Amino acid sequence: MPTKGAKKKLADLGAVAAGLAHEIRNPLNSLYINSQLLEEMLSALPDADKARKEELLSTAHSNLRVAQRLNDLLSDFLRFARPPSMEPVVTDLNRIVAETLRFMEVDFSRRGIELTTKLHPEPLPLLADEKQLKQALLNLLLNAQAAMEKEPKRIRVVTGLSAGRPFVRLQDNGRGIPRADRGQIFRLFFTTRKNGSGLGLPIVRQIVREHGGKISIRSREGRGTTVTLLLPSETRFKAMISGRSETGLLPERVR
Ligand SMILES: Nc1ncnc2c1ncn2[C@@H]1O[C@H](COP(=O)(O)OP(=O)(O)O)[C@@H](O)[C@H]1O
Ligand SMILES: [Mg+2]
């Protein structure tokens, strides 16, 4: 257990990191806008030395992409360090899942990923911040997509009720998570991907916890990964936020 002093120090460090991330944003934005301008100016130049022009254009373009990636990274980090406050409304898990999937469909089919869905036949009422829950699902779908290596690429999404609690399960047949990594995947900045940030799952866990839910992951290397989000029903969530009790929380697991 960290001592009180160590905890305070960690909290201070977190605040400093968030402040720094925030401060980096403005100059980064100018950098982005300038790269964009440069790209436009270069493409307007006459084609006298075409090879040279192409070379400069491609450099300007890669600057643009780097700035974009840094900006995404900072946004995700700030999202984690200063989570937006929850604005829960009564909603339907089926609809949240369907709308998130619709957003990803084009990308999936372009990458040759077969998506199958099996939504619970009745609406699944729950109290949720729709935007945040969609963000969590999106992060999981992006992970599933990134884990795909060889055909056939399949993602299956199921919603249902388990002992009165709504759940959503996302199953992929991607590369799976090696046993040695399983204890690490929720660690901030842990990533095995070249362009990964290691912020996806920590954000998902943060969002799911705020909703009084649990995430469990089951993975087999080389075979695929199944992630289940189990959420409290509308009535249970109301009881939880009024009583601030821990009832109904189930153990998280990664196996
Ligand atoms: N569906 C999945 N299949 C295989 N590995 C996964 C999956 N989801 C997460 N992982 C592993 O967990 C790591 C952390 O995920 P995440 O926090 O989303 O960060 P990132 O996606 O930026 O790497 C990934 O780099 C990957 O090693
Ligand atoms: Mg991710």
Side-chain angles (χ1 to χ4, degrees), residues 14 17-18 21 24 65-84 96-97 100-101 103-105 107-118 131-159 167-211 213-230 252-255:
I24 294 173
R65 283 210 321 262
V66 171
Q68 179 75 62
R69 242 187 60 214
L70 281 173
N71 192 55
D72 290 347
L73 179 68
L74 288 180
S75 302
D76 283 348
F77 177 71
L78 284 168
R79 159 91 195 52
F80 181 83
R82 299 174 180 165
I96 291 184
V97 169
T100 313
L101 288 172
F103 186 75
M104 292 293 291
E105 261 163 17
D107 235 30
F108 281 171
S109 72
R110 234 192 16 220
R111 288 162 196 261
I113 297 171
E114 262 174 64
L115 173 71
T116 53
T117 50
K118 190 173 155 238
K131 211 172 139 208
Q132 294 199 40
L133 203 52
K134 282 180 177 175
Q135 166 84 65
L137 291 169
L138 195 67
N139 287 4
L140 295 173
L141 290 166
L142 288 171
N143 281 351
Q145 175 177 284
M148 298 293 178
E149 318 188 282
K150 49 182 193 290
E151 310 272 342
K153 303 173 177 174
R154 296 201 176 106
I155 293 179
R156 182 176 157 78
V157 180
V158 177
T159 64
F167 72 84
V168 53
R169 174 173 303 140
L170 303 103
Q171 190 176 2
D172 71 62
N173 67 343
R175 78 173 75 89
I177 305 168
R179 203 169 280 279
D181 289 350
R182 283 180 209 164
Q184 316 236 62
I185 52 174
F186 287 108
R187 252 185 46 213
L188 203 56
F189 303 122
F190 175 82
T191 182
T192 57
R193 292 165 44 203
K194 196 167 138 262
N195 288 335
S197 67
L199 287 162
L201 286 178
I203 289 175
V204 172
R205 177 150 81 172
Q206 190 181 57
I207 292 172
V208 172
R209 281 185 175 168
E210 270 183 334
H211 281 83
K214 283 289 161 189
I215 179 169
S216 43
I217 299 186
R218 200 193 152 96
S219 190
R220 286 211 279 162
E221 210 176 340
R223 301 286 286 277
T225 301
T226 303
V227 181
T228 307
L229 305 185
L230 185 63
E252 255 163 22
R253 9 173 225 220
V254 183
R255 12 183 209 144

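What you are looking at is a predicted structure, and each value in this text was computed from that prediction instead of being measured. Because only heavy atoms are used, hydrogens play no part in the values below, and waters and symmetry mates are left out as well, while side chains stay in. Atoms within each ligand, like the ligands themselves, are counted from 1 in listed order. The residues of the chain are indexed from 1 along the displayed sequence.
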Item to check | Asn173 versus Arg154, closest heavy-atom pair with distance | outcome: OD1-N, 2.9 Å
Checklist entry - Closest non-hydrogen protein atom to atom 9 (C) of ligand 1, residue and atom name please, with distance? => result Asn143 ND2, 3.6 Å
Checklist entry - Distance-only, no hydrogens or angles: does the Arg175 side chain make a donor-acceptor pair with backbone N or O of Ala146 under 3.5 Å? => result yes
Next on the checklist: Arg69 vs Asp72, test: salt bridge (Lys or Arg N to Asp or Glu O under 4.0 Å). Steps then yes/no.
Outcome noted: CA-CA 5 Å; Arg69 242 187 60 214; Asp72 290 347; over 6 Å; no
Next on the checklist: Going by the rule side-chain contact (heavy atoms from CB on, under 4.5 Å), which residues pair with Ala81 if we only count those two or more places apart in sequence or in a different chain?
Outcome noted: Ala18, Phe77
Checklist entry - With a 4.5 Å heavy-atom cut-off, do Leu201 and Leu140 have their side chains touching? => result yes
Checklist entry - Which is it for Leu199 and Leu73 under the side chain to side chain contact (heavy atoms under 4.5 Å, CB included) test, yes or no, and what are the steps along the way? => result CA-CA 8 Å; Leu199 287 162; Leu73 179 68; 3.9 Å; yes
Item to check | Worked check of side chain to side chain contact (heavy atoms under 4.5 Å, CB included) between Asn143 and Asp172 | outcome: CA-CA 9 Å; Asn143 281 351; Asp172 71 62; over 6 Å; no
Checklist entry - Can Gly174 be said to touch ligand 1, with heavy atoms closer than 4.0 Å? => result no
Next on the checklist: Applying a heavy-atom cut-off of 4.0 Å, say which part of Ser197 lies close to ligand 1: side chain, backbone, both or neither.
Outcome noted: both
Next on the checklist: Any heavy-atom pair between the side chains of Leu137 and Met104 that's under 4.5 Å?
Outcome noted: no
Next on the checklist: What protein heavy atom lies closest to atom 20 (P) of ligand 1? Include the residue and the distance to one decimal.
Outcome noted: Arg193 NH1, 3.5 Å
Checklist outcome for this item: Checking heavy atoms under 4.0 Å, the part of Asp172 that sits near ligand 1 is side chain
Item to check | Nearest non-hydrogen protein atom, atom 11 (C) of ligand 1 | outcome: Ile185 CG2, 4.0 Å
Item to check | Presence of salt bridge, Arg79 and Asp76, under 4.0 angstrom | outcome: no
Checklist entry - What's the shortest distance from atom 25 (O) of ligand 1 to any protein heavy atom, and which residue and atom give it? => result Thr192 N, 2.9 Å
Checklist outcome for this item: One checks the Mg ion (ligand 2) and counts protein N, O or S atoms under 2.8 Å, reaching 1
Checklist entry - What closest approach, in Å, do Ile155 and Ala144 show between heavy atoms, and which atom pair accounts for it? => result CD1-CB, 3.8 Å
Checklist entry - Under 4.0 Å from any heavy atom of Ala147, which atoms of ligand 1 are there? => result 2 (C), 3 (N), 4 (C)
Next on the checklist: Below a 4.0 angstrom heavy-atom separation, can you tell me which part of Thr225, side chain or backbone, both or neither, approaches ligand 1?
Outcome noted: side chain
Item to check | Nearest non-hydrogen protein atom, atom 23 (O) of ligand 1 | outcome: Thr191 OG1, 2.5 Å
Checklist entry - Which of the atoms of ligand 1 are close to Pro202, meaning less than 4.0 Å from one of its heavy atoms? => result 17 (O)
Checklist entry - Where is the nearest protein heavy atom to atom 14 (C) of ligand 1: which residue, which atom, and how far? => result Phe190 O, 3.4 Å
Next on the checklist: Donor-acceptor check, side chain of Arg182 to backbone of Ile177, threshold 3.5 angstrom: yes or no?
Outcome noted: yes
Checklist entry - Hey, are the side chains of Met148 and Arg111 touching, using non-hydrogen atoms and a 4.5 Å cut-off? => result no
Next on the checklist: Against ligand 1, does Ile177 come closer than 4.0 Å with any heavy atom?
Outcome noted: yes
Checklist outcome for this item: atom 17 (O) of ligand 1: closest protein heavy atom, distance to 0.1 Å, is Leu201 N, 2.8 Å
Checklist outcome for this item: Here the pair of heavy atoms bringing Pro83 nearest to Glu210 is CB-OE2, 4.4 Å
